[in-house]
Structure formats: structure tokens, C-alpha cells
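None of these values were measured; they are calculated from a predicted model.
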Amino acid sequence: MLSSGPSGFYNAPVSKAIFITVGLNSLICAVLNARHSFHLQLFPHVVTHHQFWRLLTTHFVFSNSSEILFGSLLLYHFRLLERQWGSRKYAAFALVTSAVATGFAIPALWLGKGIGVSRIAAGPYGLVFAALWQYHRDVPVTVRVRILGFGLSDKVFLYILSAQLLWSSFTASLTAGLCGALAGFAYRASPSLRSWRFPASLTRFCQTYLEPLLASPPTSAAGAIGTGGRSVGRGGRGMGGLFDATAVAADGAGGAAAEGLRRRRDPVPQMSEEEGVALLVGMGFEQERALAELRRAGGDVERAATRLVE
């Protein structure tokens, strides 16, 4: 139920860079037993010893194995936002929300010292929980199930992972997560924060020299169809044709695969425009193009995917 489009980091180079950087740093610090050097405390780190570098480095290392596991899964899943927004906006979002979360962490430590809040857990909590807020608000529910009489959506498992991460270094991780969620709320509420981007010259440099190093190939048709089939079987939506469209989008196959789509015997169920756009974005298409083609296709996601490939 944690499906977020094609597997891997196709069309998500910024997410890939963050995932690799945080993962490698965490493993290296674990081997060198240096994880204690990255959490954030006002006393004595910042106020007494003037270790201001911690305000930056605290975002690049998780402190224990459970944080590495749950945090990495969440960072990987939120590549969906990069596919929906584009890499330039997502990179700006990652920097802005991390900085804002750090700004919230300082008064949180100051005000919380009386109730035992003395430190902020190391790790990209600002980015993770700011992204969780955007995911909650922007990404529509695509699968609903009932378990023991309770109605659940496909998002519930992501929320469970987030709760596990919050609990991993309680109270330090809870405080860090709340600062990240507040940063996500501030980002959404502030037009100036949402509109900020890296300078065009820096963007061109990254596109020329760094993006080729981080680019990931499309997933294989077999993998896309296999993953889709399992998700459909559990979710009960029966969207057989849509996962053929995912395979076409991933592999770049043209007319022959498109003709195969038309010969599908299983009908594609009707869904809302938001759900259709979310599925197309998950396949790796840009949001504006996906919305335009979906409307041209009269809401038929399969036809829209075929036109996007062509």
C-alpha cells in the first residue's frame, strides 16, 4: 500500500541525492561511533561551546538503526512529491523547510527545558515531516480498504512509519518532528517561502554536472506490472490497464505497447480527476501535462497515459 509510482528514483534526482547522503553519513558515523556529535542542544553545544556548525550538520545524520530504517523509507516515499512538483521546486522545499525547522527548534529547546526537552534528535526531521504535511494535503487517497470494520486509506501505513520515527528517540525525535511539521505548515502558508528557488545559474550547473550522475533509468515493464498487480489485488480497485500504462511510461515503448493497452479486456473504473492526476504523476509525468492530457481524454487515465508516452 506504499505504492508511489514506478520504483526507484526515476525522475527524482534530488530525492536520490538526499537518500544517499543521509544513509552514507549515518552508516559512517555508526562505524566511527560519532553519532553523538550531531544532535542539537542549546546547552552546552550552542550557548556554551558555540558549536554553531551543529545547526547545519544535524540534518545529515540519523542517530540509530530504527531512525535510519524508518527515515529512509519515508525519504524514499516522498520522491512522489518531487515527481509532482519538479526537482527545482523540491530542492528549494528541502532547503527552506530544513532551515525553518531549525529556526523553530531553538525556541522549542529554550521553552521546553523546564519539561525535560533538552535536545533535538539528529536527522532530516524538518524535511521529512514538512514533506509529510504536504503529502497529507496534496496527494489524494487512491485506495480504501476496511479492516475489522474500520475504513482505512493507502496513506495510513505512511502515517504509521512516521509515528515509529517520532517514537524512535522520544522526546528528542518528537520535538524534531513537530518542528518539521510546523515548518511544513509555514511553507504552505507563506507565498514567499513557496516561491523561492535556487538561482538559475546554480540550477543550470546542477543540471549539467550533477543530474547526469544522479539520473536513474526507468523501471522495467515486468517490474511495473508485477508491482501493480499486487497493489490492485489488495486494494480491490481492479486497475489492470493502468499498470500496463505504467509499464509503457517507464520503458518508453511506443505504438506496439499502446496498441496492447487498447486491447485490454478489463474495463478501467471511473475515478476522480485528482486520483487520475496522482496516478499519472506517480508514473513519472509532470503534473501540468498529466492534468491537460487527462482532460483531453475525457477523464480516461489509460488514454491520457498513452498520449503522454506518444
Side-chain angles (χ1 to χ4, degrees), residues 1-4 7-9 12 14-42 45 51 53-82 90 93-94 97-98 100-102 104-105 108-109 112-113 115-136 139 147 152-184:
M1 280 211 175
L2 277 176
S3 174
S4 57
S7 60
F9 289 99
V14 175
S15 298
K16 183 177 182 179
I18 295 172
F19 182 90
I20 293 174
T21 300
V22 173
L24 284 179
N25 287 344
S26 301
L27 292 175
I28 291 171
C29 289
V31 171
L32 299 178
N33 196 26
R35 291 176 292 184
H36 62 279
S37 301
F38 292 90
H39 67 273
L40 183 63
Q41 288 181 279
L42 279 183
H45 295 157
Q51 296 177 349
W53 49 268
R54 285 180 180 263
L55 298 173
L56 175 64
T57 58
T58 189
H59 296 284
F60 292 96
V61 176
F62 281 120
S63 298
N64 58 54
S65 56
S66 61
E67 289 179 331
I68 295 174
L69 173 62
F70 298 123
S72 296
L73 287 172
L74 289 167
L75 287 172
Y76 175 75
H77 187 76
F78 289 139
R79 75 199 189 283
L80 173 62
L81 293 177
E82 181 177 356
Y90 189 75
F93 167 79
T97 53
S98 297
V100 173
T102 303
F104 283 131
L109 288 173
K113 60 183 179 180
I115 57 174
V117 178
S118 61
R119 69 188 185 97
I120 296 289
Y125 280 86
L127 170 60
V128 167
F129 285 92
L132 180 66
W133 180 253
Q134 312 310 310
Y135 180 88
H136 171 72
V139 178
I147 300 178
L152 300 175
S153 74
D154 54 344
K155 293 184 176 182
V156 69
F157 296 99
L158 193 71
Y159 298 150
I160 292 173
L161 282 179
S162 303
Q164 292 280 0
L165 182 59
L166 283 177
W167 193 259
S168 58
S169 296
F170 196 81
T171 58
S173 54
L174 177 62
T175 306
L178 290 176
C179 291
L182 287 173

Here the gap from T97 atom OG1 to L182 atom CG, rounded to the nearest 0.5 Å, amounts to 12.5 Å
Just wondering, more than 12 heavy atoms not from W167 lying within 6.0 Å of its CH2?
no
Heavy atoms of A101 and A183 approach each other most closely as N-CB, 3.7 Å
Derivation and outcome, side-chain contact (heavy atoms from CB on, under 4.5 Å), residues L165 and E67 = CA-CA 6 Å; L165 182 59; E67 289 179 331; 4.1 Å; yes
So NE2 of H136 and CG of L158: to nearest 0.5 Å the spacing works out to 11.5 Å
- State whether the side chain of R54 and the backbone N or O of S37 hold a donor-acceptor pair below 3.5 Å, judged by distance alone. yes
*Counting N and O atoms only, with roles assigned by atom type, does the side chain of T58 sit under 3.5 Å from a partner on the main chain of F38, one being a donor and the other an acceptor?*
yes
- Mind running side-chain contact (heavy atoms from CB on, under 4.5 Å) on T102 and I120 for me, showing each step along the way? CA-CA 9 Å; T102 303; I120 296 289; over 6 Å; no
Ring geometry between F9 and Y76 (parallel below 30°, tilted from 30 to 60°, perpendicular above 60°): perpendicular
Inset, instruction - Would you please classify the geometry between the Y125 ring and the F129 ring as parallel, tilted or perpendicular, with 30° and 60° separating the classes? - result: parallel
Minimal heavy-atom distance between H59 and S98, with the atoms involved, is CE1-O, 3.4 Å
Minimal heavy-atom distance between S162 and L74, with the atoms involved, is OG-CD2, 3.7 Å
**Request:** Mark yes or no for whether E82, through its side chain, and V14, through its backbone, hold a donor-acceptor pair below 3.5 Å.
**Result:** yes
Between F62 and the options P124, S168, S169, the side chain to side chain contact (heavy atoms under 4.5 Å, CB included) test singles out P124
Within-4.5 Å side-chain heavy-atom neighbours: H77 and Y135 | yes
Here the gap from K113 atom NZ to Q41 atom CD, rounded to the nearest 0.5 Å, amounts to 13.0 Å
